Chemist: 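One structure is given below, represented as structure tokens, and several questions about it will come after.
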Protein chains: 2
Amino acid sequence: MAAINEVFRGECYDLLSDTKTIPDNYVDLIMTSPPYANKRVKSYGGIPTDKYLNWFLPISTQLKRVLKEDGSFILNIKEHPKNGERQTYVIELILALRKQGWFWVEEYCWYKKNSFPGKWNNRFRDSWERCLHFTKNKSFKMYQDEVMVPIGDWAKRRFKSMSENDYIRYTSSNQSNLGRNVSNWLKRQQVYPHNVMVFEKEHYIAPSNVLEFSTECSNKNHSAAFPVELPTWFIKLFTKEGDIVLDPFLGSGTTAVASFLLNRNYLGIEKQEDYYQEALLNLQEVKTLKKPDRKKKSG
Amino acid sequence: MAAINEVFRGECYDLLSDTKTIPDNYVDLIMTSPPYANKRVKSYGGIPTDKYLNWFLPISTQLKRVLKEDGSFILNIKEHPKNGERQTYVIELILALRKQGWFWVEEYCWYKKNSFPGKWNNRFRDSWERCLHFTKNKSFKMYQDEVMVPIGDWAKRRFKSMSENDYIRYTSSNQSNLGRNVSNWLKRQQVYPHNVMVFEKEHYIAPSNVLEFSTECSNKNHSAAFPVELPTWFIKLFTKEGDIVLDPFLGSGTTAVASFLLNRNYLGIEKQEDYYQEALLNLQEVKTLKKPDRKKKSG
DNA sequence: GTTCCGCATGAATCGATAG
DNA sequence: ACTATCGATTCATGCGGAA
């Protein structure tokens, strides 16, 4: 029978190949961060760079099988330097996935302001990672309203370098209400600069393809590859309540936790025992935390 | 005779091939933003995607010839979407340049925070561009001290959660006057909120590989490919005064202007007449602006 | 109960040293 | 001439003991 809200321990490829457990066109979103080449040596054996594609492509074939036609696949990855150069296996993977039939819609930039420290002769700290967005078709589900941000964030940045006339000129040229909204907003800001603006729906704008989320700090009990905000953002953007979210490299369970908290169904696969146990614990924890809230709401 | 502080009008490849004008191992930095595929149709005929590599690779061969052994090549580029997908010619170009013998050191992310809101069904506005860093060898010149930034955006990020005592503790621990300065600065901030703190040398840290520069505003005649801050940053990082900076796709002259203002020597090539003229004008303008400053200083 | 301060450590990276 | 391992370096953050 098809699995739902379950975490499996085992080899990613083997479990994904079981068409009874995970049928064709079953999940709405795949959000994952696979082990990077030569990283996580203990848990995944450290996939060598030159074998990365051969290792990943059979898995992505199965991912394509289980993903719905209008679903999305978000791949968080970043190549590390080797011998003073960025490795090329990630961009080779993009090309290979396209050959496999995936649609490369976008490359989001996850900007990690609190990246790992370091200073070297030839490079600075690496503060960003790729979040590659693949789909099975040109059109797909995307709920942009769920991730809108207040226009203030943007306007503040722009305010210094652009006059109000510039706004009006620019925005009125593309026949939208934005120009008028921005103009009104700016006037109010000037009249009541200390006001705390209450934004109405039309004062929210779409975010960009740069996502600013801090990495989780090391001292927390459960270390995770990415902070819960990252899968949360993509889950809101690409799924609705009741949809199914799969993470084939679940790690400590962040994707499943985010899915649960957003009332989505989760599926997870994790090879290593201690990560698997940690994922179960983390899920248990949020479930016990969430129950009282539900009772309050319903009763 | 070898050219210096000169802007040429003509075909990039032809002018770069003239070994007398631009000798081997001549320039310290190449900083450029080439026409993107199918863009700048008027000036470059809009290089088709499938011919981009064939067009670019002969040029980059010459760039490799003229670049010093310890020099750097910064390529600012971003692929646009086509048929709902990001195009792949840029990542193919990275692979091709490596085959050509270039060393792919790093991919800097230029984060354009103030890019104007836009909304499409399947994507958000594109707020970042690649700044690909190539060299001829594993080791190269890099003057990191020239681009240090104040300790982690300090005031902005810490202000909320840190008391003034914390500031003083933090900063006085390394035996300087910063603690006192910061204390004064905080008080001044309350009185003169627009003041800018001047930090001491030892409280600067290296930046990361994410660069936050705003795009230039619309009031200029031609919109520049990048703001002057972008070449300025790379010129400071990879060259010293008196070094030579080349931009083979000069456009409106931003790279040459930045080089001149930093007392570097510039070389530029631009195919299109009106861009060429604008570059000359922009250079003229900064030269007349800068001279009085010099006179004041020396006399 | 709060605030203050020491400290550990994270998908890090390089260069030197060892096998 | 390879790869493998180790130490030094770096900064944001939260934990826990001390004041």
Side-chain angles (χ1 to χ4, degrees), chain A residues 32-50 52 75-87 89-90 110-131 212-227 229-231 247 249-252 254-255 270-272 274-275 278, chain B residues 103 105-107 133 135 137-140 142 144-145 148-174 179 199 202-210:
Chain A
T32 197
S33 187
Y36 303 174
N38 297 311
K39 299 288 166 183
R40 291 202 166 177
V41 178
K42 278 183 190 171
S43 43
Y44 291 94
I47 300 114
T49 308
D50 56 353
Y52 200 88
L75 184 64
N76 164 231
I77 194 165
K78 182 65 182 273
E79 65 278 14
H80 288 253
K82 192 174 181 181
N83 298 325
E85 277 190 290
R86 286 275 161 203
Q87 295 182 287
Y89 74 92
V90 173
W110 170 26
Y111 178 16
K112 305 179 289 183
K113 281 206 163 172
N114 64 339
S115 60
F116 197 96
K119 188 168 175 286
W120 307 277
N121 288 333
N122 58 343
R123 67 179 65 249
F124 295 130
R125 290 181 298 158
D126 192 0
S127 282
W128 67 285
E129 298 200 7
R130 309 178 194 279
C131 289
E212 299 185 40
F213 298 121
S214 293
T215 56
E216 293 218 332
C217 192
S218 54
N219 297 13
K220 290 191 176 175
N221 291 337
H222 40 85
S223 67
F226 44 62
E229 287 85 357
L230 192 73
D247 187 341
F249 303 99
L250 189 65
S252 55
T254 312
T255 304
E270 175 53 41
K271 180 181 176 179
Q272 204 190 354
D274 54 356
Y275 272 109
E278 200 184 327
Chain B
F103 217 77
V105 176
E106 180 59 299
E107 180 172 354
H133 180 200
T135 60
N137 296 289
K138 188 176 173 179
S139 66
F140 50 87
M142 195 178 195
Q144 301 192 354
D145 287 346
M148 295 284 122
V149 294
I151 259 189
D153 266 338
W154 219 64
K156 281 178 197 166
R157 265 194 277 166
R158 287 267 188 176
F159 193 50
K160 289 175 191 167
S161 57
M162 213 184 200
S163 70
E164 188 171 343
N165 280 340
D166 278 316
Y167 279 112
I168 293 162
R169 162 173 78 94
Y170 185 93
T171 55
S172 63
S173 65
N174 28 18
F199 293 90
E202 62 264 35
H203 298 105
Y204 282 77
I205 59 169
S208 76
N209 61 354
V210 177

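Each chain gets a letter, A, B and so on, in the order its sequence line appears, and its residues count up from 1. Only heavy atoms go into these numbers, but all of them, side chains included; no hydrogens, no water, no symmetry mates. Keep in mind that this is a model prediction, so the values were computed, not measured.
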Chemist: Could you state the CD-P distance from B:Q144 to C:dC14, rounded to the nearest angstrom?
Modeler: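 Result: 11 Å.
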
Chemist: To the nearest Å, give me how far apart CD1 (A:I77) and P (C:dA11) are.
Modeler: 16 Å

Chemist: With a 3.5 Å cut-off and no angle check, do the side chains of A:D274 and A:Q272 form a donor-acceptor pair?
Modeler: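 A donor-acceptor contact under 3.5 Å links the two side chains.
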
Chemist: In chain order, what residues pass the ring-ring contact (aromatic ring centres under 6.0 Å, His included) check against A:Y89, with sequence neighbours excluded?
Modeler: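 ring-ring contact (aromatic ring centres under 6.0 Å, His included) check on A:Y89 returns A:Y52.
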
Chemist: Can you tell me the distance, in whole Å, between the CD atom of A:E85 and the P atom of C:dT13?
Modeler: 14 Å

Chemist: Let's see if you can work this out: which of D:dT13, D:dC11, C:dT13 has an atom nearest to the side-chain heavy atoms of A:N114?
Modeler: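 The answer is D:dT13, which lies nearest to the side chain.
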
Chemist: From CZ of A:F124 over to P of C:dT13, roughly how many Å is that when rounded to an integer?
Modeler: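 Rounded to the whole Å, the gap is 14 Å.
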
Chemist: Hey, does the side chain of A:R125 come within less than 4.0 Å of C:dA12's phosphate (OP1/OP2), counting only N and O?
Modeler: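 No, A:R125 has no side-chain N/O under 4.0 Å of OP1/OP2 on C:dA12.
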
Chemist: What is the separation between atom CZ on A:F116 and atom P on C:dA8, rounded to the nearest whole Å?
Modeler: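 Nearest whole value for this atom pair: 15 Å.
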
Chemist: Can you give me the dot-bracket string for DNA chain D, 5' to 3', counting Watson-Crick and G-U wobble pairs with both distances under 3.5 Å, using [ ] for crossing pairs and | for partners on another strand?
Modeler: .||||||||.|||||||||

Chemist: For C:dT13 and A:H80 - does any side-chain N or O of the residue sit under 4.0 Å from the phosphate oxygens OP1/OP2?
Modeler: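 Affirmative; the distance criterion is met.
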
Chemist: How long is the line joining CG of A:N121 and P of C:dA12, in whole Å?
Modeler: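 It works out to 20 Å between those atoms.
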
Chemist: Report yes or no: does B:E106 contribute a side-chain atom to a donor-acceptor pair with the main-chain N or O of A:P81 at less than 3.5 Å?
Modeler: no

Chemist: B:M148 CE to D:dC11 C1': how many Å, rounded?
Modeler: 14 Å

Chemist: Apply ring-ring contact (aromatic ring centres under 6.0 Å, His included) to A:Y111 and list each qualifying residue two or more places apart in sequence or on a separate chain.
Modeler: B:Y111

